[in-house]
S.K.: 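After the structure tokens below, expect a handful of questions from me.
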Amino acid sequence: MINGQIYYIAPPSWEHQRISRKLHQAIANYIDSNNGKCETLAAPFAVFLNEEDETYIEPDISVICNSSKLDSKGCHGAPDWVVEIVSPSSKYMDYFTKLFKYHNTGVKEYWIVDPIKEHITVYFFEKELMEQYSFGKKYL
């Protein structure tokens, strides 16, 4: 639900879920091996971006470093890092609607993983910086 409007999205494909699992596993392993305090959570997991807004999102992967944002219902406030994996039905939402919402609600880093284009777009919102990587190397 974004701004009080419910959006219906098709279920993820096998490839989407495989990418999500591998990224979630790599991120969680990295945080754990470095004694990090952040939580890495995969969808379905509720993220309420702010209290004033009627916005509830389920990012493919959420990394939350402030445990006070977490309770039994989900995350209350912006995660530190969000990863969305693009599918044909979510393309507009991931590249535009969610990009705008994440930028304006305090997410620090947003990754858009596009299996069709075989690249990852990384937004570092605090630095007002965007980089793109092909699957395997940086290309922008």
S.K.: Please tell me if the side chains of Pro79 and Ile64 come closer than 4.5 Å, counting only heavy atoms from C-beta onward.
M.R.: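 In short, these two side chains touch, coming nearer than 4.5 Å.
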S.K.: For the residue pair Phe45 and Leu70, establish whether any side-chain heavy-atom pair is separated by less than 4.5 Å.
M.R.: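 With C-beta onward as the side chain, the pair touches.
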S.K.: How many angstroms lie between atom CD of Glu39 and atom NZ of Lys37, to the nearest 0.5 angstrom?
M.R.: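 One gets 10.5 Å once the value is rounded to the nearest 0.5 Å.
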S.K.: Would you compute the distance between atom NE2 of His16 and atom CD of Glu84 and round it to the nearest 0.5 angstrom?
M.R.: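 Here the interatomic distance stands at 7.5 Å.
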S.K.: To the nearest 0.5 Å, what is the distance between CD1 on Ile27 and CG on Asp32?
M.R.: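 Answer rounded to 0.5 Å: 12.0 Å.
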S.K.: How long is the gap from CZ on Phe48 to OG1 on Thr105, to the nearest 0.5 Å?
M.R.: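 So the CZ of Phe48 and the OG1 of Thr105 are separated by 13.5 Å.
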S.K.: Test your reading of the model: is there a side-chain donor-acceptor pair from His119 to the backbone of Gln132, 3.5 Å cut-off?
M.R.: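 It does not hold such a pair.
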S.K.: Could you point out which residue of Tyr30, Tyr110, Trp111, Tyr123 forms a ring pair (Phe, Tyr, Trp, His ring centres under 6.0 Å) with Trp81?
M.R.: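 The residue from Tyr30, Tyr110, Trp111, Tyr123 that satisfies ring pair (Phe, Tyr, Trp, His ring centres under 6.0 Å) with Trp81 turns out to be Trp111.
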S.K.: Which heavy-atom pair separates Asp94 from Ser87 by the least distance, and what is that distance?
M.R.: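 It is OD2-N, 4.4 Å.
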S.K.: Measure from the side-chain N and O atoms of Asp71 to the backbone N and O of Gly74, and report whether any donor-acceptor pair falls under 3.5 Å.
M.R.: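 Present.
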S.K.: Does Ser90 reach the main-chain N or O of Met93 with its side chain, forming a donor-acceptor pair under 3.5 Å?
M.R.: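 Side chain of Ser90 to backbone of Met93: no pair is present.
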S.K.: With a cut-off of 6.0 Å (strictly less than), are more than 12 heavy atoms of other residues, nucleotides or ligands near CZ of Phe124?
M.R.: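 Yes, the 6.0 Å shell around CZ holds more than 12 heavy atoms from other groups.
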S.K.: What residue pairs, at least two apart or across chains, pass disulfide (SG to SG under 2.5 Å) with a residue in residues 62-118?
M.R.: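 Pairs touching residues 62-118 that pass the test: Cys38-Cys65.
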S.K.: Test Ile57 against Leu49 for side-chain contact (heavy atoms from CB on, under 4.5 Å), laying out the working first.
M.R.: CA-CA 8 Å; Ile57 296 176; Leu49 289 174; 3.5 Å; yes
S.K.: Can you name the nearest heavy-atom pair linking Ile116 to Pro88, along with the distance?
M.R.: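 Nearest pair, atom of Ile116 first, then Pro88: CD1-CG, 4.4 Å.
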S.K.: Would Phe100 and Met130 show up in the same hydrophobic cluster when neighbours are defined by side-chain heavy atoms closer than 4.5 Å?
M.R.: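 Not linked; separate clusters.
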S.K.: Ring-plane angle category for His103 and Phe125, please: parallel below 30°, perpendicular beyond 60°, tilted otherwise.
M.R.: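 Perpendicular.
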S.K.: Quick one, Asp60 and Ile19 - any side-chain contact, counting heavy atoms below 4.5 Å?
M.R.: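 A side-chain contact is absent here, since even the closest heavy-atom pair is not under 4.5 Å.
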S.K.: Is there side-chain contact between Lys101 and Val82, with heavy atoms separated by less than 4.5 Å?
M.R.: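 No, their side chains stay 4.5 Å or more apart.
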S.K.: Are Val113 and Leu129 linked, directly or through other ILVMFWY residues, by side chains that come within less than 4.5 angstrom of each other?
M.R.: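 Yes, same cluster.
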S.K.: Could you measure the distance from the CD atom of Glu126 to the CG atom of Asp80? Nearest 0.5 Å is fine.
M.R.: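 Going from the CD atom of Glu126 to the CG atom of Asp80 covers 8.5 Å.
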S.K.: In Å and rounded to the nearest 0.5 Å, what is the CG to CD1 distance from Asp114 to Ile85?
M.R.: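 Going from the CG atom of Asp114 to the CD1 atom of Ile85 covers 10.5 Å.
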S.K.: Would you verify whether the NZ or CZ of Lys22 falls within 45 degrees of the ring axis of Phe135 while also being under 6.0 Å from that six-membered ring's centre?
M.R.: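 Lys22 over Phe135 ring: no.
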S.K.: Answer yes or no: does atom NZ of Lys69 have more than 12 heavy-atom neighbours from other residues, nucleotides or ligands under 6.0 Å?
M.R.: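 Atom NZ in Lys69 is packed in, count exceeds 12.
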S.K.: Taking all non-hydrogen atoms of both residues into account, name the closest pair between His24 and Thr40 and its distance.
M.R.: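 Heavy atoms of His24 and Thr40 come nearest at NE2-O, 3.0 Å.
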